[in-house]
Amino acid sequence: MAYDTNTVEASPAPPDAGTALVEVRDLGVEFVSRESTTCAVNGVSFSLAPGEVLCIIGESGSGKSVTMRALMKLHPPKYTRISGYMRVGDHEVSACSEREMRSIRGSQISMIFQEPMTSLDPVYRIGDQIAETVIRHKKCSRAEGYARALELLKLVGVPSPERRLNAYPHELSGGLRQRAMIAVALSCSPTLLLADEPTTALDATVQIQVLVLLRRLQQELGMAVIFVTHDLSVAAQIADKVAVMYAGRIVEYGPVAKVLQHSAHPYTKGMLASTVSGHMRGQAIEAIPGSPPDMRVRMEGCSFAPRCKSVMPACRQGTPPLLTVSHGHEAACLNFA
Amino acid sequence: MKPMAETDFANPLPINTEDPGGRQQPMLLVQSLQKHFPIKSGILQRQTGAVRAVDDISFSVLKGETLGIVGESGCGKSTLARLLMHLIIADSGTLVFDGDPVSEMRGISLRDLRKNMQMVFQDSYFSLNPRLPVRNSIAYGPIVHGMGKIEAQRLANDLLNRVGLNSEIFGARYPHELSGAQKQRVNIARALALTPRVLILDEAVSALDKSVEAQVLNLLNELKRDFNLTYLFISHDLNVVQYISDRVLVMYLGQIVEIGPVEEIYNKPRHPYTRALLHSRLSMNPADRVNEPPIGGDPPNPINPPSGCRFRTRCVFAEGVCESMQPKLDNVAGDRHLAACHMTNPSSGHSKATS
Amino acid sequence: MSVASLSDFTAAPAKDKLPPVRGYWASVGNRLRYDYLTLFFLSVIAIIVLLAIFAPFIAPFDPTKSSMAYRLKAPGFRNFILGTDELGRDMLSRLLWGGRTSLLMGIVPVCLATLIGGALGVTAGFIGGRTNTLIMRTMDVIFAFPSVLLAVAISGTLGGGAKNGMLALTLVFIPSICRVAESATTQVRALDFVEAARASGGSTVSIIRTHILGNVLGPVFIFASSLISVSILLGSGLSFLGLGVEPPTPDWGLMLSTLRAGIYTQPLLCALPGAAIFITSLSFNLVSDGLRQAMDVKS
């Protein structure tokens with residue numbers, strides 16, 4: 001089973017690379033400390049069309065959040081080495097200065113988090129925070145800013161929005177806080193929304209409300225969304241495309257239905273098999289053995305090989321490139337070579 | 001793959017020292033348990049209100065079963081676990097452990113209760129002492145109960161091996177050197193160190209990644225069989241609860257809204273809240289997307305819960321009677337399935353009431 | 001069906017390339033090893049301490065032997081490398097001997113206060129409730145006075161002397177250390193592993209010893225080390241005001257005070273004890289900062 005290891009470096013450029021809103025080629029992120037170097041992201045490439053929803057699925061330490069934060073340049077430059085090419089709209093993010101990034105953040109690209117209190121300022125009223133962002137980026141008047149704030153709170157489905165404009169973040173319930181954070185993120189009509197597990201900390205009945213809201217907003221506003229999650233069923237609810245990450249690499253990529261219903265990579269298959277559902281009662285679950293690799297150690301070959309049940313000798317020799325499974329559906333597994 | 005052993009209620013074993021109360025005696029009997037946390041304010045620290053964390057809860061746990069407890073944040077499920085462990089002292093109510101009332105003159109002492117009932121916490125940075133090697137964390141309980149240090153270390157090693165961690169490699173490690181699943185295995189080993197009969201698992205797998213969550217669930221099933229354990233499994237994940245539980249208890253704002261065998265709860269839920277919870281589960285099939293959330297709003301604040309039925313503010317079937325009268329937890333099908341809803345009580349006066 | 005076996009983790013992983021397994025204090029030590037600034041000032045402190053300890057052997061003259069003939073001589077005068085003071089005593093010898101008293105004034109009160117304040121703080125934090133209120137409000141009363149004023153007031157009441165000075169400084173430091181210990185304990189007390197220890201039936205004393213102290217010691221230690229420089233300064237201040245060490249015992253603060261007379265004739269002499277106080281206090285402060293950085297990082 002011979003293949004060219006060089007293809008790893010130059011992943012096939014997607015056909016619509018020119019018209020894509022987001023283009024990431026061969027992104028690498030390394031965290032450097034005195035004791036070790038952690039290779040958190042290792043040659044990730046993807047592109048995203050305007051108005052498309054990409055879900056990056058992965059477990060803790062897979063590099064999913066790191067990838068997204070790199071796109072926003074949120075990593076402390078002192079301890080981070082970023083390589084590769086990133087473009088969002090007309091901005092080549094990988095070449096942007098911190099000053100340029102500040103003007104892009106919040107206007108072109110917005111971000112929402114798992115914990116709303118990380119992005120909402122506890123000492124300002126909700127209305128002030130939204131209006132502030134609008135005024136800063138759009139250079140409009142105060143009245144216009146507040147009108148926009150009210151409009152946004154209505155848009156994200158906050159009940160009695162006039163009253164909530166004057167509320168402080170801690171006065172809101174978890175679900176409302178999440179909605180308020182989404183309102184702040186949408187205040188300057190971004191073309192790209194980055195969502196870092198925004199529903200993970202929410203209760204089931206609230207999570208579904210937020211997911212439905214996000215999908216509605218995405219369609220109405222025509223935003224592109226990159227949604228990071230560890231939960232396959234959340235991806236099933238919201239994604240157009242899915243990228244499954246493992247140990248800093250994309251191991252499977254494709255339309256959501258193909259990846260979740262006809263998954264190709266053994267890791268994706270294992271994740272699906274080990275997701276518990278009621279009808280498995282009384283049976284042992286088919287768990288993936290072992291634990292994810294330590295990213296401080298550089299590893300030869302496919303990083304999933306030690307846990308993979310269909311491992312071959314060739315798997316341990318070089319990193320498998322993304323190989324086409326069917327049209328638009330790729331998996332980094334030698335079983336498809 | 002052999003199915004898990006069902007609890008055999010028909011054939012009681014002869015009385016032995018390991019099971020003094022006998023097979024029929026419930027492992028735990030909880031009666032009218034209540035805990036309100038006072039809210040004090042002002043310079044004089046006068047009480048201005050109370051968080052009704054657990055409000056008049058009664059249920060029983062049978063020997064060898066797994067009782068799943070589900071509910072959203074603020075429903076009081078974690079407070080309930082801590083009340084059972086007596087980590088928080090209840091305002092009122094009684095706890096009977098295998099026929100012996102806890103901390104009463106002739107009952108079981110708190111010390112003995114804690115030997116027999118242990119708790120596994122959610123995996124977090126602080127679920128294990130960051131300054132102790134994990135082996136010492138496991139050995140702590142036995143040493144407190146009078147075991148020699150060397151013997152306790154040996155026991156800790158055995159337990160580490162039992163939960164799938166090589167004691168020679170992992171015994172001397174510190175918590176920050178372990179992954180989440182490995183830490184959770186240590187947490188389980190720590191809870192088993194006093195050879196308890198009941199394990200309270202408070203969100204024990206919730207913080208874990210899916211691929212390792214399955215490993216820990218398999219381990220829990222195996223340990224339950226091998227050590228003859230009874231589980232109280234607290235979780236917000238309905239799929240996991242359905243997988244592991246024999247009976248399920250649904251809590252809302254400090255009260256039980258429904259309790260019954262797992263098949264009944266999942267196939268024939270009677271309380272509108274249980275139904276909403278079940279409908280909030282997400283499908284794995286992208287063609288099967290939810291477009292309308294089953295219920296709106298957040299769970300209300302337990303400081304000032306709504307009058308009457310506490311769920312009425314989010315319930316689509318709410319009527320006048322729901323506001324004026326609190327529904328009782330009552331049989332709906334047989335004597336094992338109970339729900340607290342006026343619609344299941346024909347004499348309640350609710351327009352949709354059926355028998 | 002391949003079900004995850006229980007021995008998933010039993011195979012020895014390739015650990016050789018990873019940072020080795022370390023305990024907390026070992027990893028703190030390792031981080032310090034690369035902190036050259038802290039290491040430098042740590043060695044400065046070591047030298048000062050060694051000089052003070054071996055002062056009887058190093059000092060060229062008797063620090064209390066005065067000579068009217070050689071008063072206020074500039075450094076380098078005959079055999080007096082650093083000159084002589086207003087009573088003609090050898091400055092170098094006095095500085096070396098003075099280091100002993102000044103370091104004692106710096107370290108002893110902090111150690112005593114850490115023991116007493118730490119014990120009070122941990123007790124207040126762990127038991128909580130009324131005990132906490134009683135201890136902490138008492139501390140607040142002491143804390144309400146400015147520390148210099150309080151030290152002056154106490155040693156003024158008790159009378160001068162090195163022992164009373166140290167006692168005064170100890171009392172001054174107890175409330176702040178108690179506060180740090182209390183807040184650290186309150187934080188740790190609510191954590192899951194302490195709950196688990198309680199659930200295992202551990203007694204208060206055993207839980208404090210096994211689970212609380214190890215986690216509280218760090219912050220208390222950092223804070224206490226930052227107090228050493230304050231203590232040296234305050235101790236010198238007391239001596240300067242005549243409330244600490246009594247003449248003729250050499251002490252940096254006292255020297256500063258008595259040399260005032262010669263400030264116009266030999267300004268350099270006057271600066272020497274000041275420089276000693278400055279360097280020692282600065283070194284302790286920077287080492288304490290380095291310790292904080294090495295100890296604060298999680299895992």
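These numbers come from the heavy atoms of this one structure, side chains and all, not from hydrogens, waters or symmetry mates. We name chains A, B, ... by the order of the sequence lines, and we start the count at 1 in each one.
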Legend entry - Segment of B:D288 engaging chain A (4.5 angstrom heavy-atom cut-off): backbone
Inset, instruction - Check whether any side-chain heavy atom of A:S291 lies under 4.5 Å from a side-chain heavy atom of B:Q182, and answer yes or no. - result: yes
Inset, instruction - Output yes when a side-chain donor or acceptor of A:Q237 lies under 3.5 Å from a complementary backbone atom of B:L282, and no otherwise. - result: no
Legend entry - Pairs flagged by ring-ring contact (aromatic ring centres under 6.0 Å, His included) wherever residues 196-251 of chain A is involved - sequence neighbours left out: A:Y246-A:Y267, A:Y246-A:F304
Legend entry - Close approach to chain B in residues 254-264 of chain A, criterion heavy atom under 4.5 Å: A:V256, A:A257, A:L260, A:Q261
Legend entry - Closest heavy-atom pair and its distance - B:V290, A:V212: O-CG2, 3.6 Å
Legend entry - Greatest number of heavy atom pairs closer than 4.5 Å to chain A - which of B:L208, B:V240, B:I295: B:I295
Inset, instruction - Verify whether one side chain among A:S233 and B:R281 offers a donor that lies under 3.5 Å from an acceptor in the other. - result: no
Legend entry - Between B:S245, B:A276, B:P299, the one whose heavy-atom pairs under 4.5 Å with chain A are most numerous: B:S245
Inset, instruction - For residues A:I208 and B:P293, report the shortest heavy-atom separation together with the two atoms involved. - result: CG2-CB, 4.1 Å
Legend entry - Max heavy-atom pair count under 4.5 Å with chain B, selected residue of A:T205, A:V206, A:V276: A:T205
Legend entry - Any side-chain donor near an acceptor of the partner, A:R216 and B:N291, under 3.5 Å: no
Legend entry - Contacting moiety of B:V262, where chain A heavy atoms sit under 4.5 Å: side chain
Inset, instruction - Please name the residue in the list A:S62, A:P292, A:S60 that meets the side-chain contact (heavy atoms from CB on, under 4.5 Å) test with B:D209. - result: A:S60
Legend entry - Residue A:L211 versus chain B: region with a heavy atom under 4.5 Å: side chain
Inset, instruction - Pick whichever of B:K210, B:E292, B:H279, B:H236 has the most heavy-atom pairs under 4.5 Å with chain A. - result: B:K210
